[in-house]
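Worksheet: the structure to be examined is printed underneath.
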Amino acid sequence: MNRKQPLRAVKGMRDILPPESRLWGRIEQVARELFHAYAYQEIRTPLVEPTELFARGVGEETDIVTKEMYTWEDRDSKSLTLRPEATASVVRAFIEHKMYEQPGLKKLYYMGPMFRRERPQKGRYRQFFQIGAEAIGSDSPAVDAELIEMIVALLARFDLSGFTLLLNSVGCSTCRPAYIATLRDALRQVSGLLCPDCQRRSETNPLRVLDCKVPEDQPIIDGLPILFESLCPGCFTHSQRVEEYLQDRQIAFTMQPRLVRGLDYYTRTTFEIVHGALGAQNALLGGGRYDGLSEALGGPRAPGIGFSLGEDRFVLAVEQAAPVETKARTDRLLYIAWLGESAYRHAAELARELRALNAAVEVAPDAAKLKKSLEIASRIGAGHVLIIGDQELAEGKYPLRDMSRGEQRTVNNDDLFREFGVPRANE
RNA sequence: GUGAGCGUAGCUCAGCUGGUAGAGCGCCGGACUGUGGCUCCGGUGGUCGAGGGUUCGAUCCCCUCCGCUCACCCCA
């Protein structure tokens, strides 16, 4: 009666269990390989940063900063924050370690957990995982195109289809403020006709109105001025080049002049890939250029572009395309069943030697009837079972059972070392 | 932060207009002394999310709280 209630994971944070964790590992491995192919290198930054980094980087007025961050005062009364995204951290590290002194483009990738205190729902968690890359040190549209090419290649490696690449330009510090003023004026003319949310947004965040999904508002929104048409010559040319380079690469995209992103640091190119089957949170990844971010963080001018993929959502999309096998796929696993204490000693020694050769081996932990051991071996997906009893100890030969064929043959130590030893990956 | 739906066995779920609970799967054992999957037989299984109220009596009705899910918002 006095049992304490078991502790649970905190809301919006979850355990990734096998066999699903296998898919996560595979995704991360494939992403690493691909990033290396594009000459990106890994960067690992702290999960905790000074709160000011995000206030200055992401934007004081953004939803992320105003209501979604896990922020607390440390014992020395410094304000710290669990990172809600990683671009600001990467650029901070870029400045802190003076990477701008190195020649050429700095290409960095990262993967890991981010934290935002939102109400959880499908594809949205308070601790979620992002895989992303940043190319810092060039404002060439070639970098934009190559980054998007890499992203498309990543999706292709998982045979993912049914996604749409949305592209836009949000201008720069010269053309955007002028546009927002124009937009606000235009909204004042029509604000009475819009939905309540949009009436509020008209003042707080006019760009958001363009993203409204209420059907009745669409005709009115269609009549509003478009940022894309107010771009300054530099931004316009940049956008044209990116489009051309994407066409060269046969990458399909949809210009979405209303595409709005929630982080203030974006300039010029912004993009997003949406996927059906993700529920309401359909953004699989998003990114864009941030030519002024380094300066905003106290660094030199260092234009950059990056993207971030929602790994939780990517898993949803991949699983939908090809459901994870529920049976653990561990065909290469060798299970050693033993009968009696001296057989156990021998099994443990044999397992140690095989594992030294990189073989995957499991030794029955408890004394069990052979029938039971085979049952367990079968359930955990072992490809073979080695049986060791007194007889085998004396002869130095053991029955090796192929679990999928149900056939048995007799082997000795050398046979085992030869068949189950695995050459080590050398990297 | 707002709204809606849902909390019954390890899992997926049934449970009639209120009479203190069932199935399938799983798990354990046996048929088969050292040979898994299939089959058959037997067994184990529950503070009905928590607390309070109404009632002779609550898994069922009412209230509060907690949790989960989906959506709004926003985003990955």
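Only a predicted model underlies this, so the values are computations on that prediction, with no experimental measurement involved. Chain letters run A, B, ... following the sequence lines, proteins first and then strands; every chain starts at 1.
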Could you tell me how the ring of A:Y40 sits relative to the ring of A:F35: parallel (under 30°), tilted (30 to 60°) or perpendicular (over 60°)? tilted
Run the ring-centre check on A:H275 versus A:F314 and record whether the distance is less than 6.0 Å. no
Between B:rG37 atom P and A:H384 atom NE2, what is the distance in whole Å? 19 Å
Residue whose closest nucleotide on RNA chain B lies nearer the 5' end, A:F129 versus A:L339: A:L339
With the side chain defined as heavy atoms from C-beta on, A:K122 is closest, among B:rA76, B:rA71, B:rG36, to B:rA71
Are A:Y290 and A:E134 close enough, and set up right, to give a side chain to side chain donor-acceptor pair (under 3.5 Å), and what steps lead you there? CA-CA 10 Å; A:Y290 41 84; A:E134 313 288 346; 2.5 Å; yes
Taking atom P in both B:rC6 and B:rC61, what distance in whole Å separates the two? 10 Å
Donor-acceptor under 3.5 Å (A:R401 side chain, A:V385 main chain): no
Would you mind classifying the nucleic acid contact of A:Q391 as base, sugar-phosphate or nothing, using non-hydrogen atoms under 4.0 angstrom? base
Under-3.5 Å donor-acceptor pair between A:R124 side chain and B:rC74 base: yes
Rounded to the nearest 0.5 Å, what's the gap from CZ on A:R116 to CZ on A:R124? Could you check? 10.0 Å
Any strand is fair game: report the nucleotide pairing with B:rA9 by Watson-Crick or G-U wobble, both distances under 3.5 Å, or none. none
Atom CZ of A:R119 to atom C1' of B:rG5: distance rounded to whole Å? 12 Å
Can you tell me if A:K67 touches the phosphate of B:rG1, counting only side-chain N or O atoms and a distance under 4.0 Å to OP1 or OP2? no
Report yes if at least one side-chain N or O of A:R379 is closer than 4.0 Å to OP1 or OP2 of B:rC27; otherwise report no. yes
Gap between atoms NZ and C1', on A:K369 and B:rU33 respectively (whole Å): 8 Å
Is there a donor N/O on one and an acceptor N/O on the other, under 3.5 Å, for the side chain of A:E392 and the base of B:rG34? yes
Which nucleotide sits closest to the side chain of A:K11: B:rC74, B:rC68, B:rU35? B:rC68
Rounded off to whole Å, could you give me the CD-to-P distance for the A:E68 and B:rC73 pair? 13 Å
Tell me which nucleotide, if any, is Watson-Crick or G-U wobble paired with B:rU64 when both distances must be under 3.5 Å. B:rA50
Could you work out the separation of B:rC66 and B:rU59 based on their P atoms and round it to a whole Å? 23 Å
C1' atoms of B:rU47 and B:rG7, separation to the nearest Å: 15 Å
Closest approach to the side chain of A:A280, judged atom by atom: which nucleotide of B:rU35, B:rA71, B:rA76 is it? B:rA71
Assess whether one donor atom and one acceptor atom, taken from the side chain of A:Q121 and the base of B:rC68, lie less than 3.5 Å apart. no
For B:rC28, what is the paired nucleotide under Watson-Crick or G-U wobble rules, both distances under 3.5 Å? B:rG42
Who is the Watson-Crick or G-U wobble partner of B:rG1, with both distances under 3.5 Å? B:rC72
Roughly how far apart, to the nearest Å, are B:rC40 and B:rC25 at atom P? 9 Å
A:I376 CD1 to B:rG36 C1': how many Å, rounded? 10 Å
Please measure how far the C1' atom in B:rG36 lies from the corresponding atom in B:rA50, and state the result in whole Å. 44 Å
Please evaluate residues A:R83 and A:T45 with respect to the criterion side chain to side chain contact (heavy atoms under 4.5 Å, CB included), reporting the C-alpha separation (whole Å), side-chain torsions for both, the decisive distance (0.1 Å), and the verdict. CA-CA 10 Å; A:R83 65 181 186 190; A:T45 64; 3.4 Å; yes
Here the distance between atom P of B:rG37 and atom NZ of A:K372, to the nearest Å, is 10 Å
For nucleotides B:rC38 and B:rC27, find the distance between their P atoms and express it as a whole number of Å. 10 Å
Over all strands shown, is A:G406 touching base, sugar-phosphate only, or nothing at heavy-atom distances under 4.0 angstrom? base
Taking the ring of A:F253 and the ring of A:F271, is the distance between their centroids below 6.0 Å? no
Could you measure between the two P atoms, the one in B:rC70 and the one in B:rC62, and give it in whole Å? 26 Å
Whole angstroms only, please: what is the CZ-C1' distance between A:R313 and B:rC70? 14 Å
Pick the nucleotide of RNA chain B nearest each of A:E272 and A:P120; which residue has the one closer to the 5' end? A:P120
For B:rG37, give the paired nucleotide (Watson-Crick: N1-N3 plus N6-O4 or O6-N4; G-U: N1-O2 and O6-N3; both under 3.5 Å), or none. none
Watson-Crick or G-U wobble mate for B:rA58, both contacts under 3.5 Å: none
Within the modelled atom types, does a donor on one side and an acceptor on the other bring the side chain of A:Q281 and the base of B:rA71 under 3.5 Å apart? no
What distance, rounded to whole Å, do you find between the two P atoms, one in B:rG53 and one in B:rC68? 28 Å
At 4.0 Å (heavy atoms only), tell me whether A:I64 reaches a base, stays on the sugar-phosphate, or touches nothing. nothing
Given atom CZ of A:R117 and atom P of B:rA76, what is their separation to the nearest angstrom? 20 Å
Base, sugar-phosphate or nothing for A:F314? Non-hydrogen atoms, less than 4.0 Å. nothing
Indicate the ring-plane relationship of A:H346 and A:Y398, choosing parallel, tilted or perpendicular according to the 30° and 60° boundaries. tilted
Any strand is fair game: report the nucleotide pairing with B:rA21 by Watson-Crick or G-U wobble, both distances under 3.5 Å, or none. none
